[in-house]
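Residue indices begin at 1 and follow the sequence shown. Indexing begins at 1, ligand by ligand and atom by atom, following the structure's order. Side chains are part of it too, since the values below use all heavy atoms of this structure and drop only hydrogens, waters and symmetry mates.
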Amino acid sequence: MASIFTKIISGEIPCYKVAETEDYLAFLDINPNAKGHTLCIPKKEVDKIFDLDETTFHGLMEFSRQVAIAIEKAVPCNRVGMTVIGLEVPHAHVHLIPLNSMDDARFMNKTKLEKEEFEKIAAAITSFL
Ligand code: 5GP
């Protein structure tokens, strides 16, 4: 069965898109730790990030780097942190999280955002790419 992220890639499930290339997609996490929390994924569906082939893995890192630089320009924060977990969605992804304190990295305190805020943040990040 296709992963929820493959359904996002195909457009079956909507997302707040930040960036897209032929091989990668970045979109806002629906349950963010902080404003601007973004997920970067390869379009190739592979569960564990370290099972990706070398080219796709390195491409994902470079794509994530570019998106992180744009997030830092668009979202006021101390820095952008990068985390890989993957316990919830079995489709390799990188979390890029604007950090102001250690709490933002903990996946405990979630930030509730309205549709308009998601749209505004996604557009702001995209504008710096
Ligand atoms: P992980 O697999 O790394 O533990 O977490 C998966 C992440 O994907 C979570 O932060 C969760 O909020 C996010 N997520 C799960 N389902 C969706 C979805 O349908 N849309 C979006 N944008 N994010 C999702």
Evaluate Glu117 against Lys35 for salt bridge (Lys or Arg N to Asp or Glu O under 4.0 Å), listing each step before the verdict.
CA-CA 9 Å; Glu117 286 178 288; Lys35 263 189 195 181; 3.7 Å; yes

Report yes if some N/O of Phe107 lies less than 3.5 Å from some N/O of ligand 1; otherwise report no.
no

Of all protein heavy atoms, the one nearest atom 17 (C) of ligand 1 is Ile30 CG2, 3.9 Å

Could you check whether any side-chain N or O of Asn33 sits under 3.5 Å from a backbone N or O of Asp104, counting only pairs where one atom can act as donor and the other as acceptor?
yes

Considering only the protein, which heavy-atom contact is closest to atom 20 (N) of ligand 1, and what is its distance?
Ile8 CD1, 3.6 Å

Compute the shortest N/O to N/O distance between Gly86 and ligand 1 and return yes if it is under 3.5 Å, no if not.
yes

Give a yes or no answer on whether the side chain of Thr126 reaches the backbone of Ala122 with a donor-acceptor pair at less than 3.5 Å.
yes

To check your reading of the model: name the closest protein heavy atom to atom 19 (O) of ligand 1, its residue, and the distance in Å.
Ile4 CD1, 3.7 Å

With heavy-atom distances below 4.0 Å as the criterion, list the atoms of ligand 1 near His95.
1 (P), 3 (O), 5 (O), 7 (C), 10 (O)

Ignoring hydrogens, what is the shortest heavy-atom contact between Leu96 and Cys40? Give both atom names and the distance.
CD1-SG, 3.6 Å

What class does the angle between the rings of His93 and Phe5 fall in, given that below 30° is parallel, 30 to 60° is tilted and above 60° is perpendicular?
perpendicular

re atom 15 (C) of ligand 1, the protein heavy-atom contact at minimum distance is Glu88 OE2, 3.3 Å

Out of curiosity, is Phe5 lining ligand 1, as in a heavy atom under 4.0 Å away?
yes

Geometry only, no angles: is His93 polar-contacting ligand 1 at N/O separations under 3.5 Å?
yes

Nitrogen or oxygen of Leu28 less than 3.5 angstrom from that of ligand 1:
yes

Numbered atoms of ligand 1 (with element) below 4.0 Å of Phe27, judged on heavy atoms:
21 (C), 22 (N)

Looking at Thr21, is its backbone amide N or carbonyl O close enough to the side chain of Lys43 to form a donor-acceptor pair, meaning the two atoms are under 3.5 Å apart?
yes

Would you say CD of Glu114 has more than 12 non-hydrogen atoms from neighbouring residues, nucleotides or ligands within 6.0 angstrom?
no

Will you find, in the side chains of Thr83 and His95, an N or O donor that is under 3.5 Å from an N or O acceptor?
no

Check ligand 1 against Asn31 and write out every atom of the ligand that is under 4.0 Å from a heavy-atom position of the residue.
12 (O)

Step by step, would you call Glu119 with Lys115 a salt bridge (Lys or Arg N to Asp or Glu O under 4.0 Å)?
CA-CA 6 Å; Glu119 286 170 350; Lys115 183 176 187 290; 2.6 Å; yes

When you measure from atom 13 (C) of ligand 1 to each heavy atom in Asp29, Ile97, Thr83, which option holds the nearest one?
Asp29

